[in-house]
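Proteins get letters first, then strands, A, B, ... in listed order; numbering begins at 1 in each.
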Number of protein chains: 2
Amino acid sequence: MITVNALSEVAALMGDPARAAMLSLLMDGRAHTASDLAITAGITAQTASGHLSRMVEGNLLAARAQGRNRFYRLASSDVAHAIESLMALAGTRATPASRTAAWRRDPDLRFCRTCYDHLAGQVGIAVTDSLTQHGYLEPKGPRDWKLTQPGELFCERLGVDLPGARQASSRHFARQCLDWSERRPHISGALGAAIADTFFKRGWAERLRRSRTVRLTDSGRRALGSHFGATV
Amino acid sequence: MITVNALSEVAALMGDPARAAMLSLLMDGRAHTASDLAITAGITAQTASGHLSRMVEGNLLAARAQGRNRFYRLASSDVAHAIESLMALAGTRATPASRTAAWRRDPDLRFCRTCYDHLAGQVGIAVTDSLTQHGYLEPKGPRDWKLTQPGELFCERLGVDLPGARQASSRHFARQCLDWSERRPHISGALGAAIADTFFKRGWAERLRRSRTVRLTDSGRRALGSHFGATV
DNA sequence: TTGATGCTTCGGCTGCCGCCGAACCATTGA
DNA sequence: TCAATGGTTCGGCGGCAGCCGAAGCATCAA
(Lines give C-alpha, C1' and ligand atoms only; values in the text may rest on other atoms or scores of the structure.)
Protein backbone atom coordinates (compact mmCIF):
# COMPACT_ATOMS: atom_id res chain seq x y z
CA MET A 1 0.00 0.00 0.00
CA ILE A 2 1.51 3.28 -1.10
CA THR A 3 -0.03 5.33 1.68
CA VAL A 4 2.12 3.49 4.22
CA ASN A 5 5.32 4.79 2.71
CA ALA A 6 3.87 8.25 2.41
CA LEU A 7 2.93 8.14 6.08
CA SER A 8 6.41 7.17 7.21
CA GLU A 9 8.00 9.77 4.97
CA VAL A 10 5.95 12.62 6.35
CA ALA A 11 6.43 11.43 9.92
CA ALA A 12 10.17 10.95 9.44
CA LEU A 13 10.37 14.49 8.11
CA MET A 14 8.95 15.73 11.41
CA GLY A 15 10.89 13.18 13.45
CA ASP A 16 14.27 14.90 13.51
CA PRO A 17 14.94 17.17 16.52
CA ALA A 18 16.35 19.99 14.42
CA ARG A 19 13.49 19.93 11.94
CA ALA A 20 10.95 19.65 14.75
CA ALA A 21 12.45 22.74 16.39
CA MET A 22 12.10 24.65 13.12
CA LEU A 23 8.53 23.49 12.59
CA SER A 24 7.69 24.45 16.14
CA LEU A 25 8.93 27.98 15.54
CA LEU A 26 7.03 28.16 12.26
CA MET A 27 3.85 27.22 14.11
CA ASP A 28 3.55 30.95 14.82
CA GLY A 29 2.28 31.17 11.23
CA ARG A 30 4.85 33.72 10.16
CA ALA A 31 7.67 33.34 7.68
CA HIS A 32 11.20 33.12 9.08
CA THR A 33 14.61 33.41 7.43
CA ALA A 34 16.84 30.40 6.99
CA SER A 35 19.44 31.76 9.40
CA ASP A 36 16.80 32.48 12.02
CA LEU A 37 15.62 28.90 11.79
CA ALA A 38 19.19 27.59 11.93
CA ILE A 39 19.87 29.51 15.16
CA THR A 40 16.62 28.26 16.69
CA ALA A 41 17.50 24.67 15.87
CA GLY A 42 21.05 25.11 17.12
CA ILE A 43 22.74 24.01 13.90
CA THR A 44 24.89 25.64 11.23
CA ALA A 45 23.44 27.41 8.24
CA GLN A 46 24.46 24.74 5.74
CA THR A 47 22.89 21.95 7.78
CA ALA A 48 19.70 23.95 8.14
CA SER A 49 19.66 24.59 4.41
CA GLY A 50 19.56 20.87 3.78
CA HIS A 51 16.74 20.35 6.24
CA LEU A 52 14.73 23.21 4.80
CA SER A 53 15.00 22.09 1.20
CA ARG A 54 13.94 18.60 2.23
CA MET A 55 10.87 19.96 3.98
CA VAL A 56 9.99 22.09 0.96
CA GLU A 57 10.40 19.02 -1.24
CA GLY A 58 8.08 17.14 1.15
CA ASN A 59 5.43 19.87 0.89
CA LEU A 60 5.68 20.77 4.55
CA LEU A 61 7.13 24.23 3.94
CA ALA A 62 6.87 26.94 1.34
CA ALA A 63 9.81 29.18 0.50
CA ARG A 64 9.89 32.76 -0.75
CA ALA A 65 13.00 34.69 -1.75
CA GLN A 66 13.21 38.34 -0.81
CA GLY A 67 16.45 40.14 -1.50
CA ARG A 68 19.33 38.31 0.07
CA ASN A 69 17.00 36.56 2.49
CA ARG A 70 14.95 33.46 1.99
CA PHE A 71 11.78 33.16 4.04
CA TYR A 72 10.20 29.87 4.97
CA ARG A 73 6.69 29.25 6.29
CA LEU A 74 4.37 26.29 6.81
CA ALA A 75 2.95 25.15 3.48
CA SER A 76 -0.65 25.07 4.71
CA SER A 77 -2.84 25.04 7.76
CA ASP A 78 -3.16 21.28 7.24
CA VAL A 79 0.48 20.96 8.18
CA ALA A 80 -0.13 23.04 11.29
CA HIS A 81 -3.04 20.85 12.28
CA ALA A 82 -1.05 17.65 11.82
CA ILE A 83 1.70 19.04 14.03
CA GLU A 84 -0.84 20.07 16.65
CA SER A 85 -2.30 16.58 16.67
CA LEU A 86 1.14 15.09 17.20
CA MET A 87 1.79 17.57 20.00
CA ALA A 88 -1.48 16.54 21.59
CA LEU A 89 -0.21 12.98 21.56
CA ALA A 90 3.16 14.02 22.93
CA GLY A 91 1.45 15.99 25.67
CA THR A 92 -0.45 12.98 26.95
CA ARG A 93 2.67 10.85 27.07
CA ALA A 94 3.19 10.57 30.80
CA THR A 95 6.79 9.57 31.32
CA PRO A 96 7.27 7.24 34.26
CA ALA A 97 9.94 9.54 35.69
CA SER A 98 7.67 12.57 35.95
CA ARG A 99 3.96 12.29 35.48
CA THR A 100 3.79 15.96 34.56
CA ALA A 101 2.81 16.42 30.93
CA ALA A 102 5.33 18.31 28.86
CA TRP A 103 3.21 21.38 28.22
CA ARG A 104 2.64 21.86 31.91
CA ARG A 105 6.28 22.78 32.21
CA ASP A 106 5.78 25.75 29.91
CA PRO A 107 2.88 27.64 31.48
CA ASP A 108 3.42 30.73 29.31
CA LEU A 109 2.96 28.71 26.15
CA ARG A 110 -0.11 27.12 27.61
CA PHE A 111 -1.49 30.51 28.61
CA CYS A 112 -1.31 32.17 25.21
CA ARG A 113 0.34 31.34 21.91
CA THR A 114 -0.24 31.57 18.19
CA CYS A 115 -1.48 28.49 16.39
CA TYR A 116 -0.52 29.12 12.76
CA ASP A 117 -2.07 32.59 12.57
CA HIS A 118 -4.67 32.76 15.33
CA LEU A 119 -4.70 32.80 19.14
CA ALA A 120 -4.55 29.57 21.11
CA GLY A 121 -4.13 28.50 24.71
CA GLN A 122 -6.20 29.79 27.61
CA VAL A 123 -6.62 33.19 25.98
CA GLY A 124 -7.73 31.70 22.68
CA ILE A 125 -10.24 29.53 24.50
CA ALA A 126 -11.46 32.48 26.60
CA VAL A 127 -12.11 34.57 23.51
CA THR A 128 -13.89 31.72 21.76
CA ASP A 129 -16.00 30.84 24.79
CA SER A 130 -17.01 34.49 25.18
CA LEU A 131 -18.10 34.71 21.56
CA THR A 132 -20.21 31.57 21.76
CA GLN A 133 -21.74 32.41 25.15
CA HIS A 134 -22.83 35.83 23.91
CA GLY A 135 -24.41 34.25 20.86
CA TYR A 136 -21.94 35.90 18.51
CA LEU A 137 -20.73 32.55 17.24
CA GLU A 138 -22.80 29.44 16.55
CA PRO A 139 -21.59 25.96 15.60
CA LYS A 140 -22.16 25.33 11.90
CA GLY A 141 -21.49 21.85 10.66
CA PRO A 142 -18.88 19.66 12.21
CA ARG A 143 -15.83 21.88 11.95
CA ASP A 144 -17.06 25.43 11.33
CA TRP A 145 -18.75 28.31 13.06
CA LYS A 146 -21.30 30.85 11.86
CA LEU A 147 -20.85 34.51 12.77
CA THR A 148 -24.29 35.80 13.77
CA GLN A 149 -25.70 39.28 13.08
CA PRO A 150 -24.88 40.51 16.63
CA GLY A 151 -21.49 38.87 16.19
CA GLU A 152 -20.77 40.97 13.12
CA LEU A 153 -21.67 44.15 14.99
CA PHE A 154 -19.44 43.10 17.88
CA CYS A 155 -16.49 42.45 15.57
CA GLU A 156 -16.93 45.76 13.80
CA ARG A 157 -17.00 47.65 17.10
CA LEU A 158 -13.85 45.78 18.09
CA GLY A 159 -12.09 46.87 14.90
CA VAL A 160 -11.79 43.43 13.34
CA ASP A 161 -11.19 43.59 9.58
CA LEU A 162 -14.23 41.58 8.51
CA PRO A 163 -14.17 42.54 4.81
CA GLY A 164 -10.53 41.54 4.61
CA ALA A 165 -11.28 38.23 6.28
CA ARG A 166 -14.16 37.47 3.92
CA GLN A 167 -12.01 38.40 0.97
CA ALA A 168 -9.69 35.43 1.60
CA SER A 169 -12.07 33.25 -0.35
CA SER A 170 -9.70 30.34 -0.63
CA ARG A 171 -9.74 29.56 3.08
CA HIS A 172 -12.42 28.74 5.61
CA PHE A 173 -13.97 31.78 7.26
CA ALA A 174 -14.62 30.59 10.82
CA ARG A 175 -13.06 27.24 11.55
CA GLN A 176 -12.87 25.14 14.70
CA CYS A 177 -9.31 24.25 15.68
CA LEU A 178 -8.60 21.80 18.49
CA ASP A 179 -6.41 23.36 21.17
CA TRP A 180 -3.77 20.84 22.18
CA SER A 181 -3.20 22.18 25.69
CA GLU A 182 -6.82 22.94 26.56
CA ARG A 183 -8.14 20.05 24.46
CA ARG A 184 -11.14 22.12 23.32
CA PRO A 185 -11.79 23.98 20.07
CA HIS A 186 -10.84 27.61 19.54
CA ILE A 187 -11.64 29.96 16.67
CA SER A 188 -9.38 29.72 13.63
CA GLY A 189 -9.71 30.38 9.90
CA ALA A 190 -9.78 33.85 8.37
CA LEU A 191 -11.90 35.24 11.21
CA GLY A 192 -9.59 33.76 13.84
CA ALA A 193 -6.61 35.34 12.12
CA ALA A 194 -8.38 38.71 11.87
CA ILE A 195 -9.23 38.64 15.58
CA ALA A 196 -5.63 37.82 16.43
CA ASP A 197 -4.48 40.71 14.23
CA THR A 198 -6.75 43.02 16.18
CA PHE A 199 -5.14 41.90 19.42
CA PHE A 200 -1.69 42.68 18.07
CA LYS A 201 -2.66 45.97 16.38
CA ARG A 202 -4.39 47.36 19.46
CA GLY A 203 -1.44 46.41 21.65
CA TRP A 204 -3.40 43.83 23.61
CA ALA A 205 -0.86 41.12 22.89
CA GLU A 206 2.77 40.88 21.84
CA ARG A 207 4.56 38.09 20.05
CA LEU A 208 7.72 36.93 21.80
CA ARG A 209 10.55 36.71 19.33
CA ARG A 210 11.63 33.21 18.33
CA SER A 211 8.70 31.51 19.95
CA ARG A 212 5.02 30.82 19.51
CA THR A 213 4.47 32.25 22.96
CA VAL A 214 2.34 35.39 23.12
CA ARG A 215 2.35 37.83 26.02
CA LEU A 216 -0.95 39.41 27.03
CA THR A 217 -0.34 43.08 27.88
CA ASP A 218 -2.03 44.91 30.77
CA SER A 219 -4.36 46.65 28.35
CA GLY A 220 -5.03 43.27 26.76
CA ARG A 221 -6.03 41.86 30.11
CA ARG A 222 -8.36 44.82 30.64
CA ALA A 223 -9.77 44.43 27.13
CA LEU A 224 -10.55 40.79 27.79
CA GLY A 225 -12.60 41.90 30.77
CA SER A 226 -14.38 44.88 29.24
CA HIS A 227 -15.00 43.57 25.71
CA PHE A 228 -15.26 39.86 26.29
CA GLY A 229 -16.34 39.66 29.93
CA ALA A 230 -13.60 37.16 30.57
CA THR A 231 -10.82 36.92 33.15
CA VAL A 232 -7.72 34.82 32.65
CA MET B 1 11.29 23.95 24.95
CA ILE B 2 10.58 20.39 26.01
CA THR B 3 7.54 19.94 23.79
CA VAL B 4 9.80 20.15 20.74
CA ASN B 5 11.69 17.03 21.74
CA ALA B 6 8.47 15.24 22.55
CA LEU B 7 7.14 16.15 19.11
CA SER B 8 10.17 14.81 17.29
CA GLU B 9 10.18 11.63 19.37
CA VAL B 10 6.57 10.79 18.57
CA ALA B 11 7.02 11.66 14.92
CA ALA B 12 10.24 9.66 14.66
CA LEU B 13 8.44 6.69 16.16
CA MET B 14 5.98 6.83 13.26
CA GLY B 15 8.66 7.75 10.76
CA ASP B 16 10.15 4.31 10.17
CA PRO B 17 8.72 2.33 7.23
CA ALA B 18 8.42 -0.91 9.20
CA ARG B 19 6.73 0.77 12.17
CA ALA B 20 4.45 2.74 9.85
CA ALA B 21 3.36 -0.48 8.17
CA MET B 22 2.51 -1.97 11.56
CA LEU B 23 0.62 1.12 12.65
CA SER B 24 -1.27 1.13 9.39
CA LEU B 25 -2.42 -2.44 9.96
CA LEU B 26 -3.37 -1.62 13.55
CA MET B 27 -5.55 1.21 12.26
CA ASP B 28 -8.22 -1.45 11.84
CA GLY B 29 -8.69 -1.11 15.60
CA ARG B 30 -8.11 -4.77 16.32
CA ALA B 31 -5.26 -6.38 18.23
CA HIS B 32 -2.69 -8.29 16.20
CA THR B 33 0.02 -10.75 17.19
CA ALA B 34 3.68 -9.82 17.03
CA SER B 35 4.38 -12.33 14.28
CA ASP B 36 1.45 -11.09 12.23
CA LEU B 37 2.81 -7.57 12.46
CA ALA B 38 6.30 -8.76 11.59
CA ILE B 39 5.05 -10.44 8.41
CA THR B 40 3.08 -7.36 7.42
CA ALA B 41 6.13 -5.17 7.85
CA GLY B 42 8.32 -7.65 6.00
CA ILE B 43 10.88 -8.06 8.79
CA THR B 44 11.98 -10.85 11.11
CA ALA B 45 10.30 -11.52 14.42
CA GLN B 46 13.20 -10.24 16.52
CA THR B 47 13.39 -6.96 14.65
CA ALA B 48 9.65 -6.51 14.99
CA SER B 49 9.89 -7.23 18.69
CA GLY B 50 12.25 -4.31 19.11
CA HIS B 51 9.98 -1.97 17.17
CA LEU B 52 6.93 -3.05 19.14
CA SER B 53 8.50 -2.58 22.55
CA ARG B 54 9.67 0.88 21.52
CA MET B 55 6.17 1.83 20.46
CA VAL B 56 4.72 0.51 23.72
CA GLU B 57 7.35 2.51 25.60
CA GLY B 58 6.33 5.57 23.57
CA ASN B 59 2.66 5.07 24.47
CA LEU B 60 1.63 4.46 20.89
CA LEU B 61 0.68 0.82 21.45
CA ALA B 62 -0.73 -1.33 24.22
CA ALA B 63 0.27 -4.96 24.63
CA ARG B 64 -1.66 -7.87 26.05
CA ALA B 65 -0.30 -11.38 26.57
CA GLN B 66 -2.57 -14.30 25.84
CA GLY B 67 -1.11 -17.75 26.04
CA ARG B 68 1.94 -18.00 23.84
CA ASN B 69 0.81 -15.04 21.80
CA ARG B 70 1.27 -11.38 22.46
CA PHE B 71 -1.34 -9.03 21.02
CA TYR B 72 -0.67 -5.42 20.21
CA ARG B 73 -3.20 -2.67 19.52
CA LEU B 74 -3.22 1.11 19.26
CA ALA B 75 -2.98 2.64 22.73
CA SER B 76 -5.88 5.05 22.21
CA SER B 77 -8.10 6.66 19.62
CA ASP B 78 -5.90 9.74 19.97
CA VAL B 79 -3.11 7.78 18.33
CA ALA B 80 -5.45 6.75 15.54
CA HIS B 81 -6.48 10.35 14.98
CA ALA B 82 -2.90 11.56 14.86
CA ILE B 83 -2.08 8.92 12.26
CA GLU B 84 -5.14 9.89 10.25
CA SER B 85 -4.08 13.53 10.27
CA LEU B 86 -0.64 12.57 9.00
CA MET B 87 -2.21 10.42 6.31
CA ALA B 88 -4.37 13.36 5.30
CA LEU B 89 -1.16 15.34 4.84
CA ALA B 90 0.50 12.52 2.94
CA GLY B 91 -2.57 12.25 0.72
CA THR B 92 -2.40 15.86 -0.35
CA ARG B 93 1.29 15.60 -1.22
CA ALA B 94 1.11 15.83 -4.97
CA THR B 95 4.34 14.44 -6.29
CA PRO B 96 5.57 16.21 -9.41
CA ALA B 97 5.77 12.88 -11.24
CA SER B 98 2.11 12.03 -10.79
CA ARG B 99 -0.37 14.54 -9.54
CA THR B 100 -2.64 11.75 -8.37
CA ALA B 101 -2.95 11.70 -4.58
CA ALA B 102 -1.83 8.48 -2.96
CA TRP B 103 -5.24 7.34 -1.73
CA ARG B 104 -6.68 7.67 -5.21
CA ARG B 105 -4.52 4.76 -6.20
CA ASP B 106 -6.29 2.53 -3.69
CA PRO B 107 -9.98 2.98 -4.54
CA ASP B 108 -11.04 0.04 -2.35
CA LEU B 109 -9.50 1.65 0.70
CA ARG B 110 -11.19 4.89 -0.16
CA PHE B 111 -14.52 3.15 -0.66
CA CYS B 112 -14.70 1.45 2.73
CA ARG B 113 -12.26 0.81 5.55
CA THR B 114 -12.12 0.66 9.30
CA CYS B 115 -10.81 3.72 11.13
CA TYR B 116 -9.72 2.34 14.51
CA ASP B 117 -12.99 0.50 15.21
CA HIS B 118 -15.63 2.20 13.10
CA LEU B 119 -16.44 2.51 9.41
CA ALA B 120 -14.76 5.12 7.25
CA GLY B 121 -14.52 6.00 3.59
CA GLN B 122 -17.47 6.51 1.27
CA VAL B 123 -19.55 3.94 3.14
CA GLY B 124 -18.81 5.52 6.53
CA ILE B 125 -19.77 8.91 5.15
CA ALA B 126 -22.94 7.51 3.52
CA VAL B 127 -24.07 5.99 6.82
CA THR B 128 -23.32 9.18 8.73
CA ASP B 129 -25.04 11.40 6.18
CA SER B 130 -28.10 9.19 6.23
CA LEU B 131 -28.33 9.37 10.01
CA THR B 132 -28.06 13.16 10.08
CA GLN B 133 -30.44 13.70 7.15
CA HIS B 134 -33.12 11.58 8.80
CA GLY B 135 -32.73 13.53 12.02
CA TYR B 136 -31.37 10.52 13.89
CA LEU B 137 -28.12 12.31 14.66
CA GLU B 138 -27.67 15.97 15.58
CA PRO B 139 -24.40 17.90 16.03
CA LYS B 140 -23.69 18.43 19.73
CA GLY B 141 -20.79 20.68 20.58
CA PRO B 142 -17.78 20.93 18.36
CA ARG B 143 -16.77 17.28 18.13
CA ASP B 144 -19.77 15.20 19.20
CA TRP B 145 -23.17 14.10 18.05
CA LYS B 146 -26.41 13.54 19.92
CA LEU B 147 -28.51 10.47 19.15
CA THR B 148 -32.14 11.64 19.00
CA GLN B 149 -35.19 9.69 20.18
CA PRO B 150 -36.06 8.55 16.63
CA GLY B 151 -32.37 7.72 16.24
CA GLU B 152 -32.49 5.36 19.21
CA LEU B 153 -35.51 3.57 17.75
CA PHE B 154 -33.76 3.26 14.40
CA CYS B 155 -30.64 1.78 15.98
CA GLU B 156 -32.65 -0.71 17.99
CA ARG B 157 -34.52 -1.86 14.90
CA LEU B 158 -31.19 -2.24 13.16
CA GLY B 159 -29.87 -4.45 15.95
CA VAL B 160 -27.20 -2.05 17.20
CA ASP B 161 -26.07 -2.87 20.75
CA LEU B 162 -26.93 0.50 22.32
CA PRO B 163 -26.73 -0.63 25.98
CA GLY B 164 -23.30 -2.07 25.34
CA ALA B 165 -22.18 1.14 23.68
CA ARG B 166 -23.44 3.29 26.53
CA GLN B 167 -21.75 1.00 29.00
CA ALA B 168 -18.30 1.98 27.74
CA SER B 169 -18.38 4.99 30.02
CA SER B 170 -14.72 5.82 29.60
CA ARG B 171 -15.06 6.76 25.94
CA HIS B 172 -17.10 9.26 23.97
CA PHE B 173 -20.48 7.95 22.88
CA ALA B 174 -20.96 9.60 19.49
CA ARG B 175 -17.87 11.34 18.24
CA GLN B 176 -17.07 13.15 15.01
CA CYS B 177 -14.02 11.76 13.23
CA LEU B 178 -12.56 13.48 10.20
CA ASP B 179 -12.38 11.15 7.22
CA TRP B 180 -9.03 11.62 5.51
CA SER B 181 -10.11 10.50 2.06
CA GLU B 182 -13.53 12.17 2.01
CA ARG B 183 -12.33 15.08 4.16
CA ARG B 184 -15.65 15.19 6.04
CA PRO B 185 -16.65 13.84 9.46
CA HIS B 186 -18.04 10.36 10.01
CA ILE B 187 -19.51 8.76 13.12
CA SER B 188 -17.01 7.31 15.60
CA GLY B 189 -16.92 6.68 19.34
CA ALA B 190 -18.78 3.85 21.05
CA LEU B 191 -21.83 4.30 18.80
CA GLY B 192 -19.70 4.27 15.66
CA ALA B 193 -18.04 1.05 16.81
CA ALA B 194 -21.41 -0.53 17.61
CA ILE B 195 -22.76 0.36 14.19
CA ALA B 196 -19.68 -1.13 12.53
CA ASP B 197 -20.14 -4.29 14.61
CA THR B 198 -23.69 -4.54 13.33
CA PHE B 199 -22.43 -4.38 9.76
CA PHE B 200 -20.01 -7.22 10.39
CA LYS B 201 -22.42 -9.34 12.43
CA ARG B 202 -25.21 -9.11 9.86
CA GLY B 203 -22.82 -9.98 7.06
CA TRP B 204 -23.14 -6.59 5.41
CA ALA B 205 -19.38 -6.07 5.42
CA GLU B 206 -16.24 -8.18 5.65
CA ARG B 207 -12.81 -7.22 6.86
CA LEU B 208 -10.03 -8.09 4.43
CA ARG B 209 -7.24 -9.85 6.26
CA ARG B 210 -4.09 -7.84 6.88
CA SER B 211 -5.60 -4.58 5.75
CA ARG B 212 -7.89 -1.81 6.88
CA THR B 213 -9.88 -2.32 3.72
CA VAL B 214 -13.47 -3.48 4.18
CA ARG B 215 -15.54 -5.15 1.48
CA LEU B 216 -19.23 -4.31 1.29
CA THR B 217 -21.19 -7.50 0.54
CA ASP B 218 -24.17 -7.65 -1.79
CA SER B 219 -26.54 -7.83 1.15
CA GLY B 220 -24.68 -4.89 2.65
CA ARG B 221 -25.26 -2.88 -0.50
CA ARG B 222 -28.95 -3.74 -0.36
CA ALA B 223 -29.07 -2.90 3.36
CA LEU B 224 -27.57 0.51 2.68
CA GLY B 225 -30.42 1.17 0.29
CA SER B 226 -33.29 -0.25 2.32
CA HIS B 227 -32.26 0.85 5.81
CA PHE B 228 -30.29 4.01 5.10
CA GLY B 229 -31.74 5.12 1.77
CA ALA B 230 -28.25 5.47 0.41
CA THR B 231 -26.49 4.22 -2.70
CA VAL B 232 -22.75 3.93 -3.01
C1' DT C 1 9.63 -34.87 29.76
C1' DT C 2 10.18 -33.70 25.19
C1' DG C 3 9.45 -31.19 21.21
C1' DA C 4 7.17 -27.34 18.85
C1' DT C 5 5.78 -22.64 18.74
C1' DG C 6 5.82 -17.63 19.85
C1' DC C 7 8.44 -14.04 21.48
C1' DT C 8 12.43 -11.66 23.40
C1' DT C 9 17.43 -10.56 24.42
C1' DC C 10 22.12 -10.22 22.91
C1' DG C 11 25.91 -9.22 19.81
C1' DG C 12 27.78 -7.66 15.74
C1' DC C 13 27.38 -5.84 11.13
C1' DT C 14 26.05 -2.27 7.72
C1' DG C 15 24.16 1.69 5.76
C1' DC C 16 22.04 5.83 6.16
C1' DC C 17 21.73 10.48 7.72
C1' DG C 18 22.85 14.39 10.27
C1' DC C 19 26.75 17.24 10.98
C1' DC C 20 30.41 20.56 9.82
C1' DG C 21 34.47 22.87 7.00
C1' DA C 22 35.35 24.75 2.75
C1' DA C 23 34.12 26.64 -1.39
C1' DC C 24 30.78 28.80 -4.37
C1' DC C 25 26.78 31.81 -5.92
C1' DA C 26 23.63 35.85 -5.36
C1' DT C 27 22.31 40.19 -3.60
C1' DT C 28 23.27 44.51 -1.43
C1' DG C 29 25.72 48.67 -0.40
C1' DA C 30 29.72 51.69 -0.83
C1' DT D 1 34.34 47.14 -8.73
C1' DC D 2 35.01 45.38 -4.20
C1' DA D 3 33.82 43.83 0.23
C1' DA D 4 30.11 42.08 3.25
C1' DT D 5 26.21 39.26 4.06
C1' DG D 6 22.90 35.40 3.38
C1' DG D 7 22.27 30.86 1.33
C1' DT D 8 23.42 26.76 -0.97
C1' DT D 9 26.40 22.85 -2.71
C1' DC D 10 30.04 19.55 -2.06
C1' DG D 11 32.86 16.23 0.33
C1' DG D 12 34.06 13.58 4.09
C1' DC D 13 33.49 12.15 8.85
C1' DG D 14 31.07 9.82 12.77
C1' DG D 15 27.32 7.86 15.22
C1' DC D 16 23.04 5.98 15.52
C1' DA D 17 19.56 2.78 14.45
C1' DG D 18 17.66 -0.86 11.83
C1' DC D 19 18.65 -5.46 10.55
C1' DC D 20 19.59 -10.39 11.22
C1' DG D 21 21.73 -14.93 13.37
C1' DA D 22 22.06 -17.25 17.47
C1' DA D 23 20.62 -18.24 21.86
C1' DG D 24 17.40 -18.06 25.71
C1' DC D 25 12.62 -18.00 28.02
C1' DA D 26 7.91 -18.97 28.31
C1' DT D 27 3.73 -21.69 26.96
C1' DC D 28 1.29 -25.45 24.98
C1' DA D 29 0.52 -30.23 23.32
C1' DA D 30 1.73 -34.65 23.36
Indicate whether OP1 or OP2 belonging to [N] is found under 4.0 Å from a side-chain N or O atom of [X].
X	N	value
Asn69(B)	dT27(D)	no
Arg70(B)	dT8(C)	yes
Ser35(B)	dT5(C)	no
Thr47(A)	dC19(C)	no
Arg54(B)	dA17(D)	no
Thr44(A)	dC19(C)	no
His51(A)	dC19(C)	yes

How close or far is atom [atom2] of [N] from atom [atom1] of [X], stated in whole angstroms?
X	N	atom1	atom2	result
Arg64(A)	dG7(D)	CZ	P	13 Å
Glu57(B)	dA17(D)	CD	P	14 Å
Ile39(A)	dC20(C)	CD1	P	13 Å
Gln46(A)	dC20(C)	CD	P	7 Å
Met55(A)	dT8(D)	CE	P	12 Å
Asp16(A)	dC16(D)	CG	P	14 Å
Leu37(B)	dC7(C)	CG	P	9 Å
Ile43(B)	dG21(D)	CD1	C1'	15 Å

Pairwise side-chain contact, [X] with [Y], heavy-atom cut-off 4.5 Å (strictly under):
X	Y	answer
Ile195(A)	His118(A)	no
Leu162(B)	Leu191(B)	yes
Leu52(A)	Leu37(A)	yes

### Query
Would Leu224(A) and Leu216(A) count as a side chain to side chain contact (heavy atoms under 4.5 Å, CB included) if you check the C-alpha gap in whole Å, the side-chain angles of each, and the deciding distance to 0.1 Å?
CA-CA 10 Å; Leu224(A) 263 189; Leu216(A) 194 68; 3.9 Å; yes
Could you tell me whether [X] contacts a base, only the sugar-phosphate backbone, or nothing, with contacts defined as non-hydrogen atoms closer than 4.0 Å?
X	answer
Tyr72(B)	sugar-phosphate
Thr33(B)	sugar-phosphate
Ala45(B)	base

### Message
With side chain to side chain contact (heavy atoms under 4.5 Å, CB included) as the criterion, how do Leu60(A) and Leu74(A) come out once you've worked through the C-alpha distance, each side chain's angles and the decisive distance to 0.1 Å?
### Response
CA-CA 6 Å; Leu60(A) 290 189; Leu74(A) 295 187; over 6 Å; no
